[in-house]
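Have a look at the structure below, then the notes.
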Amino acid sequence: MAYGEARPGAAARIHSLRALPGRPRPRSWGSAPSQVGRRRIPDDDETPMATPGTDPHAPHAAGCCDTTDPRERGPFPLSTLRHSVSHLMASAVAKLFPGAKFGFGPAVEHGFYYDIEIPPGEDGEPRALEEKDLRRIEDEMRRIAKKAGAMQCLTLTRDEAKARMAAQGQSYKVEAVDLIPAGEAITFYRHGDWEDLCEGPHIDRFDREFAFQLTTVAGAYWRGDEKRPMLQRIYGTAFWTKEDLAAHLAWLEEVKARDHRKLGTDLDLFSTHDEAGAGFVFWHPNLGLVRREIESFWWSEHLARGYEPVYTPHVVREKLFEKSGHLQNYADLMYSPMDIDEILYRIKPMNCPGHILIYKSRGRSYRELPLRWAELGTVYRYERSGVLHGMLRVRGFTQDDSHIFCTPEQLADEIAGVIDLIAHTLRTFGFQFTAYLATRPEKAIGSPEVWERALEALKAAAAKSHLALVLDEGGGAFYGPKIDFKVRDALGREWQNSTVQCDFNLPERFDLSYTDKDGAHKRPIMVHRAVLGSFERFVGGLIEHFGGRFPLWIAPEQVALIPIREQHADYVRELSGILKADGFRVGCMDEAGHMNKKIQSAEKARTPYMLIAGDREVAERTVAVRRRGSREQTVVPFEKFHGLVKALRASRSLELPAPAG
RNA sequence: GCUGCUGUAGCUCAGUCGGUAGAGCACCUCCUUGGUAAGGAGGAGGCCACGGGUUCAAGUCCCGUCAGCAGCUCCA
């Protein structure tokens, strides 16, 4: 999945959960220590929401222990259970595949995994695990759980630990010992006849009641390094009760049912083509209508906030990207140059250099600033084939890009304005969000002082807007720090779209200036920002957020009209004409055929409202209104329905109310 | 890019041991005039992803390429 995965840093956080320093440990096997005082791994629903009035510099709340998750009803935290079940799985694998070598096996957001090197089969060929192996492993896990007894813990010195793992042929574990920071206890956990280097904590015994399932197997590099061997990663999940496990599996089904790639074909929204190449999305008319509505909302918001439209070319001379620093810092993601009359050109991976050229086309006065220039700019970036994913990760996409050129005094207000616009836009689509402050990455241009100034400006603006920030160390763009917004969708998954970036570097590189009151030439500051991020990713996410059930204002077809018999078709056509004249997207199902079939087909198309008309409706000039997803019908005068949809459209309502009878 | 898996009609899938292609839905035509989620009959639709190879014979076996899927790594 490209979304809903563990949050950035989650894995690292898990591995860094060390035992409490100074805690005495027995040098022989003892019972497992309790997890009191240990940090636990955040679970599904714990991402902190950015709430007004909280300290913007407060640490990530995800590290804390309080939870309201009703599934946390067991004797130990869910993450502890899952970590223990990963051990249980490892012991089963060790039994079924003698000689297996183990890497890391932590709990993660929705379950756990263990990275394992399975030894070659008897024929000497490498052995890849399959689905049916997972079932075998599960069976073995159940057998071991029954007779494993208590979980025991042992603390050893570094040398003892290494020798112990080396004796068992566990080379990855030997390496893992060295990763444990000095001064921290080195512990082993044991159940039955299997032991594992592990920081714990664990549940006390396996003959408790719990439910688990192994879900998938995939490759994963040892220690996440693509230059190191690839191990096989088995994913699984565990809960305290069968009901919770079943609920989780049902949730996974719901995720699958909302997959934008599936809905993309089912609802005729978009396609991709071998013939066109990977990572390029073709928007069908249905999704074109959705996009057009969003664009028009976007433009009206931007024009109202003082943005002005600009348009820039897709292909420009390579020299421009040399000057901007893209060639030095971004070349891996850029398409190869093309030679036109012996001059090298490039397809743009970003819109900023183009906007800078417009700025430089003449002298600028302080009176003009701030300049807010907006473009729905299509860019192309090379992405490695394995990362492409439907509309969510593509090679060509349209950013809702803007660049604000302003004075240092205006900077905080400008950023605050962007934050307000982002918050307003995201709420319009029913998203909640979290804001992350991303700092200087390793590959960057500009001096540390300049970066510090930019960072301070972002923090100040966030404080002004009462926006809580979560720190994302080293996550900035190469030219400046940024605030990224991650939205939470209807299924609780996180997506990154919006971003606001503070840039002192490109103005420097391009020698941008404006003439100030005193006649001096001064350097403007650039703010790069995207609200939706890219239309591809945003709309792909929107499809899943709504499960294809778009709110009325963006739905491709808003109203379906269904006559009961052919003689009602004229009436239905008349109503259709009225709604169409008012700008509604209407499906008039006046062709021959059965009503039930038409109802089904409109329901499948996720059309918000169906209007059904028979003798009664024609006689009274009413319509029988049926809402998407509901079998109820309300008969109201047509004019009343018309008024309702007008109001819903105007307010961009997320609701789909029944008309008041 | 890496590891594993997959690719048959618009969609979902069947196709046995290698013997020349099948279903349901969707689509088209005709019949059906039906009060709230599939009326009936018929028809059309396939370079079995693409390119090589093995074989008397390949959707089926082998190799390569492309694309997709689950992850890893990286991002709007």
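Residue numbers begin at 1 in each chain, while the letters A, B, ... track the order of the sequences.
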#### Entry: Closest listed nucleotide, where the reference is the side chain of A:R626 and the choices are B:A37, B:G35, B:C2
B:A37

### Query
Contact class for A:G224 vs. all strands (heavy atom < 4.0 Å): base, sugar-phosphate, or nothing?
sugar-phosphate

### Query
How does RNA chain B look in dot-bracket form if you count Watson-Crick and G-U pairs under 3.5 Å, write [ ] for pairs that cross, and put | where a base pairs with another strand?
(((((((..((((.....[..)))).(((((.......))))).....(((((..]....))))))))))))....

### Task
Give the nucleotide from the list B:C75, B:A37, B:U73 with an atom nearest to the side chain of A:I599.
B:A37

### Query
How would you label the contact of A:D225 with the nucleic acid (heavy atoms, under 4.0 Å): base, sugar-phosphate, or nothing?
nothing

Distances for protein N or O near nucleotides 7-9 of chain B N or O, under 3.5 Å:
none

### Task
Flag the pair A:F212 / A:F112 as yes when their ring centroid distance falls below 6.0 Å, and as no otherwise.
no

### Donor-acceptor contact present, side-chain A:R529 to main-chain A:D400, <3.5 Å
yes

### Task
Considering only atom P, compute the distance from B:G64 to B:G4 and round it to an integer number of Å.
12 Å

### Message
Parallel, tilted or perpendicular, judged at 30° and 60°: which one describes the rings of A:H248 and A:W251?
### Response
parallel

#### Entry: Nucleotide of B:G1, B:A76, B:A38 approaching A:K604 most closely (side-chain heavy atoms)
B:A38

### Message
Over 60° means perpendicular and under 30° means parallel, so tell me whether A:F538 and A:F431 are parallel, tilted or perpendicular.
### Response
perpendicular

### Listed nucleotide nearest any side-chain atom of A:M595, set B:A76, B:G34, B:U36
B:U36

### Residue A:R261, side-chain heavy atoms: nucleotide from B:A76, B:A37, B:A70 that is nearest
B:A70

### Query
What's the CZ-P distance between A:F478 and B:C75, to the nearest Å?
13 Å

### Query
Contact class for A:G219 vs. all strands (heavy atom < 4.0 Å): base, sugar-phosphate, or nothing?
base

### Check against ring pair (Phe, Tyr, Trp, His ring centres under 6.0 Å), A:H273 and A:F280
CA-CA 8 Å; A:H273 302 269; A:F280 300 113; over 10 Å; no

### Task
Measure distances between side-chain N and O atoms of A:R228 and base N and O atoms of B:C72, and say whether any donor-acceptor pair falls under 3.5 Å.
no

### Query
What nucleotide among B:A37, B:G35, B:A67 has an atom nearest to a side-chain atom of A:A624?
B:G35

### Rounded interatomic separation in angstrom, taking CG from A:L333 and P from B:C74
13 Å

### Message
Of the options B:C72, B:G35, B:G1, whose atoms approach the side-chain atoms of A:R233 most closely?
### Response
B:C72

#### Entry: Among B:A37, B:A76, B:G35, the one nearest A:N596 by side-chain distance
B:A37

### Query
Strictly by modelled atom types, are A:Q501 and A:T499 linked by a side-chain donor-acceptor pair under 3.5 Å?
yes

#### Entry: Side-chain donor/acceptor contact of A:R384 with base of B:C72 under 3.5 Å
no

#### Entry: Check: A:E617/A:Y571 side-chain N/O donor and acceptor closer than 3.5 Å
no

### Message
For a quick check of understanding: with a heavy-atom distance under 4.0 Å over all strands, which category does A:A278 fall into, base, sugar-phosphate or nothing?
### Response
sugar-phosphate

### Task
Could you check which of B:C72, B:A37, B:G35 has an atom nearest any side-chain atom of A:A220?
B:C72

### Task
Please evaluate the base of B:G35 for a donor-acceptor partner in the side chain of A:E617 within a cut-off of under 3.5 Å?
yes

### Query
In whole angstrom, what separates A:H389's NE2 from B:U73's P?
17 Å

### Message
Whole angstroms only, please: what is the CD1-C1' distance between A:I116 and B:U3?
### Response
15 Å

### Message
Stacking between B:A76 and A:F397, yes or no? Criterion: centroid separation under 5.5 angstrom, plane angle under 30 degrees.
### Response
yes

### Query
How many Å lie between CG on A:L263 and P on B:U12, as a whole number?
12 Å

### Message
Would you say A:E301 and A:H424 are linked by a side-chain donor-acceptor pair, where the criterion is simply a distance under 3.5 Å?
### Response
yes

### Message
Pairing donors with acceptors under 3.5 angstrom, does anything connect the side chains of A:H355 and A:T312?
### Response
no

### Task
Using the C1' atom on both, measure B:A38 against B:C27 and round to a whole Å.
15 Å

### Inter-nucleotide P distance (B:U29, B:A44), Å rounded
15 Å

### Query
With sugar-phosphate meaning primed atoms plus P, OP1 and OP2, does A:K482 contact a base, only sugar-phosphate, or nothing at under 4.0 Å between heavy atoms?
sugar-phosphate

### Task
Tell me whether the centres of the aromatic rings in A:H110 and A:Y235 are closer together than 6.0 Å.
no

### Query
Does a sphere of radius 6.0 Å around CZ in A:R135 hold more than 12 heavy atoms from other residues, nucleotides or ligands, not counting ones at 6.0 Å or beyond?
yes

### Summary
Residue pair A:Q633/A:S385 against RNA chain B: nearer the 5' end by closest nucleotide is A:S385

### Task
Provide, to the nearest angstrom, the distance between the CG atom belonging to A:L231 and the P atom belonging to B:C2.
17 Å

### Donor-acceptor pair under 3.5 Å, A:S534 side chain vs B:A76 base
yes

### Query
What is the nucleic acid contact for A:Q496, judged by heavy atoms within less than 4.0 Å: base, sugar-phosphate only, or nothing?
sugar-phosphate

### Task
Start with the C-alpha gap between A:W283 and A:V539, add the side-chain angles, then the distance that decides, and say whether side-chain contact (heavy atoms from CB on, under 4.5 Å) holds.
CA-CA 11 Å; A:W283 297 63; A:V539 172; 3.9 Å; yes

### P atoms of B:G18 and B:A23, separation to the nearest Å
25 Å

### Summary
Ranking B:A76, B:C2, B:A37 by distance to the side chain of A:M230, first place goes to B:C2

### Task
Under 4.0 Å between any heavy atoms, over every strand shown, what does A:V217 touch: base, sugar-phosphate, or nothing? Just pick one.
nothing

### Query
Under 3.5 Å, is there an N or O donor on one side and an acceptor on the other linking the side chain of A:Y221 and the base of B:G1?
yes

Using a cutoff of under 3.5 Å, can you pull out all pairs of nitrogen or oxygen atoms linking the protein to nucleotides 27-32 of chain B, with atom names and distances?
residue	atom	partner	partner atom	Å
B:U32	O2	A:H594	NE2	2.6

### Message
Out of the candidates A:R565, A:R573, A:K598, only one should pair with A:D590 under the salt bridge (charged side-chain N to carboxylate O under 4.0 Å, His left out) rule; please name it.
### Response
A:R573

### Query
Under 4.0 Å: is that the gap between some side-chain N or O of A:R616 and OP1 or OP2 of B:G35?
no

### Message
Need one value for A:F535: base, sugar-phosphate or nothing, where a base atom within 4.0 Å counts as base even if backbone is also close, heavy atoms only.
### Response
nothing

### Task
Please check if atom CD in A:E591 has more than 12 non-hydrogen atoms from other residues, nucleotides or ligands closer than 6.0 Å.
yes

### Query
Are the aromatic ring centres of A:H545 and A:W495 under 6.0 angstrom apart?
no

